[in-house]
Student: 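Right, I'll just put the structure down here and ask away after.
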2 protein chains.
Amino acid sequence: MIFTTKAEYGVRLLVELGRQDSGTPVSLKAIAETEGLPLAYLERIVALLKKADLVESTRGAHGGYRLARPAHEIHMDEAVLALEGGIAPMSCFVEEREDGRVLCSHLDEGHTGCATRLLWTRVQGGVLGALAKTTLQELVDFAGPALVSTSTPDPVGAALPLHDAA
Amino acid sequence: MIFTTKAEYGVRLLVELGRQDSGTPVSLKAIAETEGLPLAYLERIVALLKKADLVESTRGAHGGYRLARPAHEIHMDEAVLALEGGIAPMSCFVEEREDGRVLCSHLDEGHTGCATRLLWTRVQGGVLGALAKTTLQELVDFAGPALVSTSTPDPVGAALPLHDAA
DNA sequence: AGCTATTCCGACGCTTTGGGTAGGATTAGG
DNA sequence: CCTAATCCTACCCAAAGCGTCGGAATAGCT
């Protein structure tokens, strides 16, 4: 079980925006370059954040994006939910819908099925809890000061060998 | 983010075995039928559980599987780990390997990258915590008494409309 | 011995979806 | 009106999920 790159890139994008909460918008191009992410793909990702009212945009030349709220008011459950479109540990597990149905397998045949429901419920709770208690501000602090257009490398962490191409 | 059917089917299988902790082994065929799961696929799934020493098998006629330990000693983190082959919330996030490398994206280019690491670490902790604190016995109790070969329907729960074919 | 029920094992195939591109339309500053 | 940016929709490729198939090995039964 794994989140997709939408969550990864989207959170990175938010962190980048959080680093310069100045009022002036940041262009996706700048973020794409400093983070080394594909611009076209970022466009689609940021659209999700905008729809969820986590970021605001200014169009035209010198336009870009900024946080719609201060970083410490943005909790990551909101962000990841917007990016991934739902937090369910199992396809057979979706929060109640309008029509009240819940996806699951063959319960009609006997009440079987979701003995596992208890488990997935707890897992979902664990994930949502971890996300909700983390604010964007924490991630910004953790990441260190601004990176976009200011290249002062390596204040923090610096460990973590990466990018396994194997 | 979502677990695969391996986790779902595998846990269901364990629950089914837990329901009759009598010493006599249960055949996959029986489980496949009562749970409505594809036998051939279950075979491959149970192999994962066996390799992790969660179940034992007896070959030949009247063979089958049984739990390798009492249900209350089987914690679900072990099971899900065996079934899914690792619990990472992000592809860029794998526990240390022998060679000490950690998968992640472009950290070489500057320490950037894992501002998000803090977040995924917490999420992983939430998931593992939820899994570890749940024992197979709990799920067995939650599911109600035996179902394989004894058809006393509906002692418990009984809610949960299911199987959305949409 | 042979039959049958079962676990074991490896190769293969279908379908979905993640991850990304391409190309253009719209908006706004200079 | 040119350029820099957001916006939007359609498309494509590779990987992974979710199985199937066929057969081998093992063990009880008659």
Side-chain angles (χ1 to χ4, degrees), chain A residues 1-10 12-13 17 24-33 35-52 54-66 68 80 83-86 88-92 103 105 148 165-166, chain B residues 1-10 12-13 17 24-33 35-52 54-66 68 83-86 88-92 103 105-106 148-149 166:
Chain A
M1 93 143 194
I2 223 160
F3 282 108
T4 69
T5 56
K6 284 205 188 98
E8 170 76 15
Y9 295 175
R12 298 245 288 266
L13 198 158
L17 291 182
T24 64
V26 183
S27 77
L28 274 196
K29 184 149 171 277
I31 294 181
E33 278 166 7
E35 289 280 338
L37 302 176
L39 173 60
Y41 194 32
L42 270 191
E43 287 180 1
R44 293 185 27 186
I45 289 172
V46 80
L48 300 170
L49 296 172
K50 184 183 161 90
K51 190 159 61 177
L54 290 169
V55 303
E56 292 170 346
S57 64
T58 314
R59 302 186 60 164
H62 303 114
Y65 296 90
R66 54 195 146 353
V80 174
L83 290 163
E84 295 284 325
M90 186 59 59
S91 58
C92 127
L103 298 189
S105 43
V148 160
Chain B
M1 90 142 198
I2 223 160
F3 283 108
T4 68
T5 56
K6 284 203 188 96
E8 170 76 17
Y9 295 175
R12 298 244 290 266
L13 198 158
L17 291 182
T24 64
V26 183
S27 77
L28 274 195
K29 185 151 173 276
I31 295 182
E33 277 168 6
E35 289 280 335
L37 302 176
L39 173 60
Y41 195 32
L42 269 192
E43 288 180 1
R44 295 185 28 183
I45 289 172
V46 80
L48 300 170
L49 295 173
K50 184 184 161 93
K51 190 160 59 178
L54 290 167
V55 303
E56 292 171 345
S57 64
T58 314
R59 301 185 63 163
H62 302 114
Y65 296 89
R66 53 195 143 5
L83 290 163
E84 294 284 324
M90 185 62 57
S91 58
C92 124
L103 298 189
S105 40
H106 76 288
V148 160
S149 79

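Quick caveat: nothing in here was measured; it's all calculated off a predicted structure. Protein chains get the first letters and strands the later ones, always in sequence-line order, with residue 1 at the start of each.
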Student: Which two nucleotides bound the region of DNA chain D that has atoms under 4.0 Å from heavy atoms of chain A, read 5' to 3'?
Tutor: D/dA4 to D/dA10
Student: Just do the side chain to side chain contact (heavy atoms under 4.5 Å, CB included) check on A/Arg66 and A/Thr58 with the steps written out, would you?
Tutor: CA-CA 9 Å; A/Arg66 54 195 146 353; A/Thr58 314; 2.8 Å; yes
Student: Rounded off to whole Å, could you give me the CG-to-C1' distance for the B/Leu28 and C/dC8 pair?
Tutor: 11 Å
Student: Between C/dC8 and B/Lys50, is there an OP1 or OP2 to side-chain N/O distance shorter than 4.0 Å?
Tutor: yes
Student: Look for any protein N or O under 3.5 Å of an N or O in nucleotides 26-30 of chain C and output each such pair with its distance, or none.
Tutor:
from	atom 1	to	atom 2	distance (Å)
C/dT26	O2	A/Arg59	NH2	2.6
C/dT27	O2	A/Gly60	N	3.4

Student: For the pair made of OH in B/Tyr65 and P in C/dA5, what is the distance, rounded to whole Å?
Tutor: 17 Å
Student: Hey, is the side chain of A/Thr4 poking within less than 4.0 Å of OP1 or OP2 on C/dG19, counting only N and O atoms?
Tutor: yes
Student: Whole angstroms only, please: what is the CZ-C1' distance between A/Phe3 and C/dG19?
Tutor: 17 Å
Student: With a cut-off of 3.5 Å and sequence neighbours excluded, list every side-chain donor-acceptor pair involving residues 39-50 of chain A.
Tutor:
from	atom 1	to	atom 2	distance (Å)
A/Tyr41	OH	A/Thr5	OG1	3.3
A/Lys50	NZ	A/Ser57	OG	2.6

Student: For A/Gly64 versus A/Pro25, what's the shortest heavy-atom pair and its separation?
Tutor: C-CB, 3.5 Å
Student: Quick check on C/dA22: is either OP1 or OP2 less than 4.0 Å from any side-chain nitrogen or oxygen of A/Tyr41?
Tutor: no
Student: When you check the phosphate oxygens OP1 and OP2 of C/dG19, does a side-chain N or O of A/Tyr9 lie under 4.0 Å from one of them?
Tutor: no
Student: Contact class for A/Lys51 vs. all strands (heavy atom < 4.0 Å): base, sugar-phosphate, or nothing?
Tutor: nothing
Student: Could you give the CG-to-P distance, from A/Leu83 to C/dT17, as a whole number of Å?
Tutor: 19 Å
Student: Does the side chain of A/Thr4 come within less than 4.5 Å of A/Leu83's, by heavy atoms?
Tutor: no
Student: What is the distance from CD of A/Glu43 to C1' of C/dT21, rounded to the nearest Å?
Tutor: 11 Å
Student: In whole Å, what is the span from the CG atom of B/Leu42 to the P atom of C/dT7?
Tutor: 10 Å
Student: Got a second to check how far A/Thr24's OG1 is from A/His62's NE2, nearest 0.5 Å?
Tutor: 11.0 Å
Student: Does the side chain to side chain contact (heavy atoms under 4.5 Å, CB included) test come out yes or no for A/Ile31 and A/Leu37, once each step is laid out?
Tutor: CA-CA 8 Å; A/Ile31 294 181; A/Leu37 302 176; 5.7 Å; no
Student: Would you please name every residue forming a side-chain contact (heavy atoms from CB on, under 4.5 Å) with B/Ala52, sequence neighbours left out?
Tutor: B/Leu54, B/Ala82
Student: Quick check on DNA chain D: between A/Ala40 and B/Arg44, whose nearest nucleotide comes earlier from the 5' end?
Tutor: A/Ala40
Student: Does B/Glu84 use its side chain to pair, donor to acceptor, with the backbone of B/Ala7 at less than 3.5 Å?
Tutor: yes
Student: Checking A/Ser27 now: which residues fulfil side-chain hydrogen bond (donor to acceptor under 3.5 Å, both in side chains) with it, not counting sequence neighbours?
Tutor: none
Student: What integer distance in Å separates B/Leu48:CG from C/dC8:C1'?
Tutor: 13 Å
